[in-house]
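The chains referred to below are lettered A, B, ... by the order of the sequence lines, with proteins before strands, and numbering in each begins at 1. What's counted below: heavy atoms across the whole structure, side chains too, no hydrogens, waters or symmetry copies. Note that the structure is a prediction, hence the values are computed from the model and not measured.
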Protein chains: 2
Amino acid sequence: MTYSIAQAAERTGLSVDTLRYYERIGLLEPPARDSGGRRVYSDADLTWLDFLTKLRLTGMPIRMMREYAQLRYRGVMTAGRRKQLLVEHRADVLERIAELRSCLDVLNYKIDNYDQILRDQAARERAAATPEEATA
Amino acid sequence: MTYSIAQAAERTGLSVDTLRYYERIGLLEPPARDSGGRRVYSDADLTWLDFLTKLRLTGMPIRMMREYAQLRYRGVMTAGRRKQLLVEHRADVLERIAELRSCLDVLNYKIDNYDQILRDQAARERAAATPEEATA
DNA sequence: GTAGAAGTTGAAGCGCACTCCAGGTCAACC
DNA sequence: GGTTGACCTGGAGTGCGCTTCAACTTCTAC
């Protein structure tokens, strides 16, 4: 299967502008062109773009993605370095998850606090509405 | 306890410039000033800054942090809305963690792949070093 | 054969969250 | 009382990751 840039954008969830941008900065090897000079993306291109998207989602900086891409072009002998990049990045992702979890604890604590405050407020309002009960 | 801007920066892990920036954009109520016009941060200021830092770490956009800050200035009657903001943001954080986990799976899969490739490479190198074994 | 949609290029622009700079004030120490 | 260093202000600059623009070409359908 082959895809126009619009189809590739649709399938990867990236914009056509981003596809051209990724090509320009060297994340993507220039795809084939049709007789009219238009880009023609292959399934392999899309697979690679999907993987890039995963890396982006995890916050890998573009310069690191570029290094990875360049190594890939240079073939199987760069597998060691590529693995190393991914292992390093995985450590970053794990750290990030741990960080988010710890912030989540704070968030939960705060939300519980607000629950308490709001319950107290509601109780005071009920008391104000039925003042005869207030001293009971 | 009170703190100079440098001490506040040190304790919160933010830069001096960022502290002034946060104040300028309304994340932080202008702290007290000493006789020479210098900022004097209180413990309450630092506590608030710590919380802001948590929110930033979880990727809350500054415009949302600002909304939260403005509500806080307006007092206890805004507790409901503030809780709502935190609850919404908590959902975002949970989603983000799930996303990272799913990317982590891809990362692990890729790394396993590289392990396999590298093992095969090593095996071929051993075979090349002792060719008489290659046919055994 | 002409309109309109989709594609091309190089370059400029944007939103975010800071970060840095120039030029000045103030307080503390020698 | 002179120097040093921390702090002040308003405003400009930065890096990242796109996004938009202008001007042009090409294909498709009527």
Of all residues at least two apart in sequence or in a different chain, which pass the salt bridge (charged side-chain N to carboxylate O under 4.0 Å, His left out) check with K83(B)?
D115(A)

Give me each pair satisfying salt bridge (charged side-chain N to carboxylate O under 4.0 Å, His left out) with a member in residues 116-125 of chain A, each pair once, sequence neighbours excluded.
none

Give me the bend of the helix from dG1(C)-dC30(D) to dC30(C)-dG1(D), using the axes of the five pairs at each end, rounded to 10°.
10°

Counterpart residues, side-chain hydrogen bond (donor to acceptor under 3.5 Å, both in side chains), relative to T47(A) (two or more places apart)
none

Heavy-atom protein contacts under 4.0 Å, nucleotides 20-30 of chain C, coded B base, S sugar-phosphate only, - none:
B-----BS---

Scan the side chains in residues 24-38 of chain B for donor-acceptor partners under 3.5 Å anywhere in the protein, sequence neighbours excluded, and list what turns up.
residue : atom : partner : partner atom : Å
R33(B)  : NH1  : G37(B)  : O            : 2.8
D34(B)  : OD1  : G36(B)  : N            : 2.8
D34(B)  : OD1  : G37(B)  : N            : 3.1
D34(B)  : OD1  : R38(B)  : N            : 2.9

Reading DNA chain D from 5' to 3', where do the contacts with chain A start and stop? Cut-off is 4.0 Å to heavy atoms.
dC16(D) to dC27(D)

Partners of T78(A) by side-chain hydrogen bond (donor to acceptor under 3.5 Å, both in side chains), sequence neighbours excluded?
R82(A)

Pair D45(A)-S42(A), side-chain donor/acceptor within less than 3.5 Å:
yes

Please name all residues satisfying salt bridge (charged side-chain N to carboxylate O under 4.0 Å, His left out) with E99(A), sequence neighbours left out, ordered by chain then number.
R96(A)

Given R126(B) and T130(B), is the side chain to side chain contact (heavy atoms under 4.5 Å, CB included) satisfied, shown in steps?
CA-CA 6 Å; R126(B) 272 198 308 281; T130(B) 58; 5.5 Å; no

Which pairs of donor and acceptor atoms, one on a side chain in residues 86-94 of chain A, lie under 3.5 Å apart (sequence neighbours left out)?
residue : atom : partner : partner atom : Å
E88(A)  : OE2  : Q84(A)  : NE2          : 3.3
H89(A)  : NE2  : T58(A)  : OG1          : 2.7
R90(A)  : NH1  : N108(B) : OD1          : 2.5

Mind checking whether Y68(B) and F51(B) have parallel, tilted or perpendicular rings, split at 30° and 60°?
tilted

Near DNA chain C, counting only heavy atoms under 4.0 Å, which residues of residues 59-73 of chain A show up?
none

Assess the residue pair L85(A) and M60(A) against the criterion (side chain to side chain contact (heavy atoms under 4.5 Å, CB included)); give the C-alpha distance rounded to whole Å, side-chain angles, the decisive distance to 0.1 Å, and a yes or no.
CA-CA 10 Å; L85(A) 282 176; M60(A) 183 186 279; 5.6 Å; no

Does S4(A) put a side-chain nitrogen or oxygen below 4.0 Å from OP1 or OP2 of dG7(C)?
yes

Could you check how far CG of L55(B) sits from C1' of dA17(C), rounded to whole Å?
15 Å

Residue pairs involving residues 50-74 of chain A (criterion salt bridge (charged side-chain N to carboxylate O under 4.0 Å, His left out); sequence neighbours excluded)
E67(A)-R81(A)

Over 12 foreign heavy atoms within 6.0 Å of CD, E10(B)
no

Would you indicate what I5(A) reaches in the nucleic acid, counting non-hydrogen atoms under 4.0 angstrom: base, sugar-phosphate, or nothing?
sugar-phosphate

